[in-house]
Visitor: 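One structure is given below, represented as structure tokens, and several questions about it will come after.
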Amino acid sequence: MSKHMKLVKTTAPPRNPGINGRLEITLKRELRTSRRNFGIQHVNVAMALIHLGDFFVNQQRYKEASTAFRQAGSIYEQLGVGHELLWAIALRSLSQCLFAMEEYAEARAVTAQATDLILSYQ
């Protein structure tokens, strides 16, 4: 490569993204479709966010996963009664990301919140 050539950054997906790249594209499409079909505060949107967050965890992309889990938890919180366990699951997944990112104080607080939700449901 010539010393004068510059690499161009691109946001376009790679031409051959492999199975993980295709899965990420599919999960993001699922999220967009759910938002378009049901609105942004719907249980289907929250589930799509959980699926995307789980994918990011498997890729060790904890920051992105934590964002997805926070958004899902917020939706479940706003949906209210009948969604407490789903909210607790989102919080538990978030806490695992926070522990992985060594954000221990917040991880413990989120874990406690998830536990309180589960106990209040019984």
Side-chain angles (χ1 to χ4, degrees):
M1 181 184 306
S2 165
K3 65 180 181 177
H4 299 291
M5 290 182 70
K6 292 184 180 179
L7 295 177
V8 177
K9 288 187 178 182
T10 179
T11 58
R15 288 186 178 210
N16 186 8
I19 187 70
N20 289 329
R22 289 191 302 271
L23 180 55
E24 182 176 354
I25 290 166
T26 300
L27 291 169
K28 287 181 176 179
R29 185 180 309 127
E30 174 191 354
L31 177 59
R32 282 192 311 274
T33 301
S34 293
R35 284 179 172 153
R36 184 178 56 247
N37 291 342
F38 303 108
I40 60 173
Q41 296 297 331
H42 192 274
V43 67
N44 289 10
V45 174
M47 287 307 299
L49 286 162
I50 294 292
H51 295 155
L52 188 59
D54 288 340
F55 169 80
F56 288 142
V57 167
N58 288 331
Q59 298 295 308
Q60 298 181 349
R61 293 163 59 184
Y62 300 115
K63 185 79 170 163
E64 292 165 287
S66 67
T67 298
F69 294 136
R70 284 181 202 278
Q71 290 176 3
S74 176
I75 292 169
Y76 290 132
E77 180 181 17
Q78 291 181 16
L79 291 174
V81 176
H83 297 89
E84 297 89 353
L85 291 179
L86 293 170
W87 184 15
I89 291 168
L91 290 174
R92 181 68 177 119
S93 296
L94 172 59
S95 73
Q96 291 174 329
C97 290
L98 294 169
F99 276 117
M101 294 187 300
E102 300 181 356
E103 296 179 19
Y104 301 118
E106 185 180 3
R108 283 190 295 275
V110 170
T111 299
Q113 185 181 8
T115 302
D116 290 345
L117 277 170
I118 291 168
L119 293 175
S120 71
Y121 184 75
Q122 295 178 352

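In what follows, every heavy atom counts, from backbone to side chain, and hydrogens, waters and symmetry copies are set aside.
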Visitor: When rounded to the nearest 0.5 angstrom, what is the spacing between CG in L27 and CD1 in I50?
Guide: 12.0 Å
Visitor: Determine, step by step, whether F55 and Q59 satisfy the side chain to side chain contact (heavy atoms under 4.5 Å, CB included) criterion, reporting the C-alpha distance in whole Å, the side-chain angles of both residues, the deciding distance to 0.1 Å, and the verdict.
Guide: CA-CA 6 Å; F55 169 80; Q59 298 295 308; 3.7 Å; yes
Visitor: Same cluster for V110 and M101 if Ile/Leu/Val/Met/Phe/Trp/Tyr side chains link at under 4.5 Å?
Guide: yes
Visitor: To the nearest 0.5 Å, how far apart are CG in L31 and NE2 in H51?
Guide: 11.5 Å
Visitor: In sequence, state the C-alpha distance, the side-chain angles, and the governing distance for E24 and R61, and then conclude on salt bridge (Lys or Arg N to Asp or Glu O under 4.0 Å).
Guide: CA-CA 12 Å; E24 182 176 354; R61 293 163 59 184; 3.0 Å; yes
Visitor: Which residues pass the ring pair (Phe, Tyr, Trp, His ring centres under 6.0 Å) test with F99, sequence neighbours left out?
Guide: none
Visitor: Between E30 and R36, does at least one N-O distance fall below 4.0 Å, as a salt bridge requires?
Guide: no
Visitor: Going from CG on L94 to OG1 on T67, what distance comes out if it is rounded to the nearest 0.5 angstrom?
Guide: 9.0 Å
Visitor: As an exercise, state the distance from OH of Y76 to CG of L91, rounded to the nearest 0.5 Å.
Guide: 11.0 Å
Visitor: Go through R70 and E106 one step at a time and tell me if the salt bridge (Lys or Arg N to Asp or Glu O under 4.0 Å) criterion holds.
Guide: CA-CA 13 Å; R70 284 181 202 278; E106 185 180 3; 2.8 Å; yes
Visitor: If I compare all heavy atoms of G53 with all of F69, which pair ends up nearest, and what's the gap?
Guide: C-CZ, 3.4 Å
Visitor: For side chain to side chain contact (heavy atoms under 4.5 Å, CB included), just list the numbers for S93 and V57, CA-CA rounded to whole Å, side-chain angles, deciding distance to a tenth of an Å, and then say yes or no.
Guide: CA-CA 9 Å; S93 296; V57 167; over 6 Å; no
Visitor: Given V45, which of H42, M47, Q41 fulfils the side chain to side chain contact (heavy atoms under 4.5 Å, CB included) condition?
Guide: H42
Visitor: Please determine, by modelled atom types, if T111 and R108 share a side-chain donor-acceptor pair under 3.5 angstrom.
Guide: no
Visitor: Is there a side chain to side chain contact (heavy atoms under 4.5 Å, CB included) between I118 and L85 once you walk through the steps?
Guide: CA-CA 6 Å; I118 291 168; L85 291 179; 4.2 Å; yes
Visitor: Considering non-hydrogen atoms only, spot the tightest contact between A114 and R92 and give its length.
Guide: CB-N, 4.2 Å
Visitor: With no hydrogens and no angle check, is any side-chain donor or acceptor of S120 less than 3.5 Å from a backbone partner on L117?
Guide: yes
Visitor: If you round to the nearest 0.5 Å, how far is CG of N37 from CG of N44?
Guide: 9.0 Å
Visitor: Work out which heavy atom in L49 is nearest to a heavy atom in R35; give both atom names and the distance.
Guide: CD2-NH2, 4.0 Å
Visitor: Give the intermediate values and the outcome of side chain to side chain contact (heavy atoms under 4.5 Å, CB included) for residues W87 and Q113.
Guide: CA-CA 10 Å; W87 184 15; Q113 185 181 8; 3.5 Å; yes
Visitor: CG of L79 to OG of S74: how many Å apart, nearest 0.5 Å?
Guide: 9.5 Å
Visitor: Of the non-hydrogen atoms in A46 and A72, which two are nearest, and what is the gap between them?
Guide: O-CB, 3.6 Å
